[in-house]
Amino acid sequence: MSPSAISTTPPNGMDKTTDLAASAIEQKIAETAPALSKIASDSKLAPLDASKLKFTRNTTPKTLPALDDPIRNTSSFCTDHMITAVWSASTGWAAPELKPYGPFSIMPNASVLHYATECFEGMKAYRGFDGALRLFRPDCNTRRMLTSATRISLPAFEPSELEKLIVNLMAIDGAKFLPEDQPGKFIYIRPTMIGTHAGLGVQIPSEAMLYVIATYMPVLSEPTHGMKLLASQNDMVRAWPGGFGYAKVGANYGPSLIAQQEAKSRGYDQVLWLLGNEGSVTEAGASNFFVVWKSKEGKLQLVTAPLADKIILDGVTRRSVLQLVRERLSDNKTGLQPLEIVERKYTMTEVAEAYDDDRIVEAFACGTAFFVVGVSDIHHRGKDLKIPVVRGNAGEYATLIKSWLKNIMYGKEQHEWGYIVEPKETL
Ligand SMILES: *Cc1c(COP(=O)(O)O)cnc(C)c1O
């Protein structure tokens, strides 16, 4: 669809064209999670309810792999249990279950296998240096999951109920797979929703399943000299206006793998995703991207792409970085100069210009998977920008921000973003 088709305003003042997604999503929420909806609904469907959780203990629990067991680096080793919750358009959400991790069967004509009705979240549980097990801002992940699910016509749910389910999974499996005597370790949690409706018609799934699994993930080794980014070429974009770049849906990732592979084969770590002829800078791989530069007027700024045009993902790490910088880097108390936060559309041309003028201070990418990683190189149209990494593999700001976040995640700083999970033997 051309941008002009998206922005046509009909005479009655309400923009029916741009409203296509927004009103459909509002309707979906009213039908499937009426408590969340602004519009009236007489829906009788059962809401997602964590208090109904049924528990079946795994009677063949796994052996905890040793710290040096290579299985830990494969992202294939899941914990003993998982959460599942089944939804149907006629009854709503059935009682969720916490049960042994294992395969489930779906029909070959299931919606998800044909029409990409799949969305997911990525978060971690951290074993703190104070012994506590923490989630980091789980409310942000569960709210984003609602956004992603409804964007692809999967049912809505109360995010706080999903949060309780995640907490229950970690309360059961956390103590074993993240032992208290191994502080500084994490486990990756993957809430997922799929359309299970069996039928090949291109239609909204009338059946769906929500599930949550937890797995070991390799500690993504930080590039010793910082991350090298290859700016995307014109024949490949990650997301576009009116699309779904802001949703964590599987459909965003499969098609980007070939670019990632090509970047790797050319010696780069990730693709820096640009958009449009003007080369708007959006994200780095599946991470948000930040530049610290001096503006032409000499202002020290932290620049990142905006959320409003729905091209980039509203990263929990991104949002936390911005909040911490706003709270802690607005004065001179840290020893580093204050940063002005700028969330706006900016282009690779501006970055290259700042580079030529020697105004780039540093750049970094951030997300749950990579955490905060300094960027050392950006290759764009035959030109290599060498970004300063004065602290070995990152700049001063990235290094400081990273330490703040780490302290919160691992309990060195008690902070409201750290949600403590109390272990349970049974439910
Ligand atoms: C998951 C993801 C991020 C990072 O989000 P966090 O909530 O910080 O983990 C950024 N961009 C994309 C495209 C992502 O998929």
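We count ligands from 1, going down the list as the structure has it; atoms in each ligand are counted the same way. Hydrogens, waters and symmetry mates are skipped; everything else that's a heavy atom, side chains included, is used.
Proximity of M123 to ligand 1, defined as any heavy-atom pair under 4.0 Å, is not found for any part of the residue. The side chain of L313, and not its backbone, has at least one atom closer than 4.0 Å to an atom of ligand 1 (non-hydrogen atoms only; side chain from C-beta on).
Of the polar atoms of Y253, at least one N or O is found under 3.5 Å from an N or O of ligand 1, judged by distance alone. Distances between N or O atoms of V316 and those of ligand 1 include at least one value under 3.5 Å. Where the criterion is an N or O separation shorter than 3.5 Å, residue side chain and backbone included, R238 fails it with respect to ligand 1. Considering backbone and side-chain atoms together, T368 places an N or O closer than 3.5 Å to an N or O of ligand 1. Between T317 and ligand 1, at least one pair of N/O atoms sits closer than 3.5 Å.
The aromatic rings of F177 and F77 are tilted relative to each other, their planes meeting at an angle between 30° and 60°.
For CG of D384, the number of neighbouring non-hydrogen atoms (other residues, nucleotides, ligands) closer than 6.0 Å is greater than 12.
Taking atom 3 (C) of ligand 1 as the reference point, the nearest protein heavy-atom neighbour is A286 O, 3.2 Å.
Heavy-atom contacts of E283 reach the following atoms of ligand 1: 10 (C), 11 (N), 12 (C), 13 (C) (cutoff under 4.0 Å).
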Can you give the donor-acceptor pairs under 3.5 Å from side chains of residues 97-107 to other protein atoms, not counting sequence neighbours?
from : atom 1 : to  : atom 2 : distance (Å)
K99  : NZ     : T84 : OG1    : 3.4

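Each of K248, R137, R143, R144 was evaluated against E121; a single residue qualifies, R144, per the salt bridge (Lys or Arg N to Asp or Glu O under 4.0 Å) test.
Residues L329 and Q337 approach most closely at CD2-O, 4.1 Å, considering heavy atoms.
With values rounded to the nearest 0.5 angstrom, T79 atom OG1 is found 8.5 Å from I213 atom CD1.
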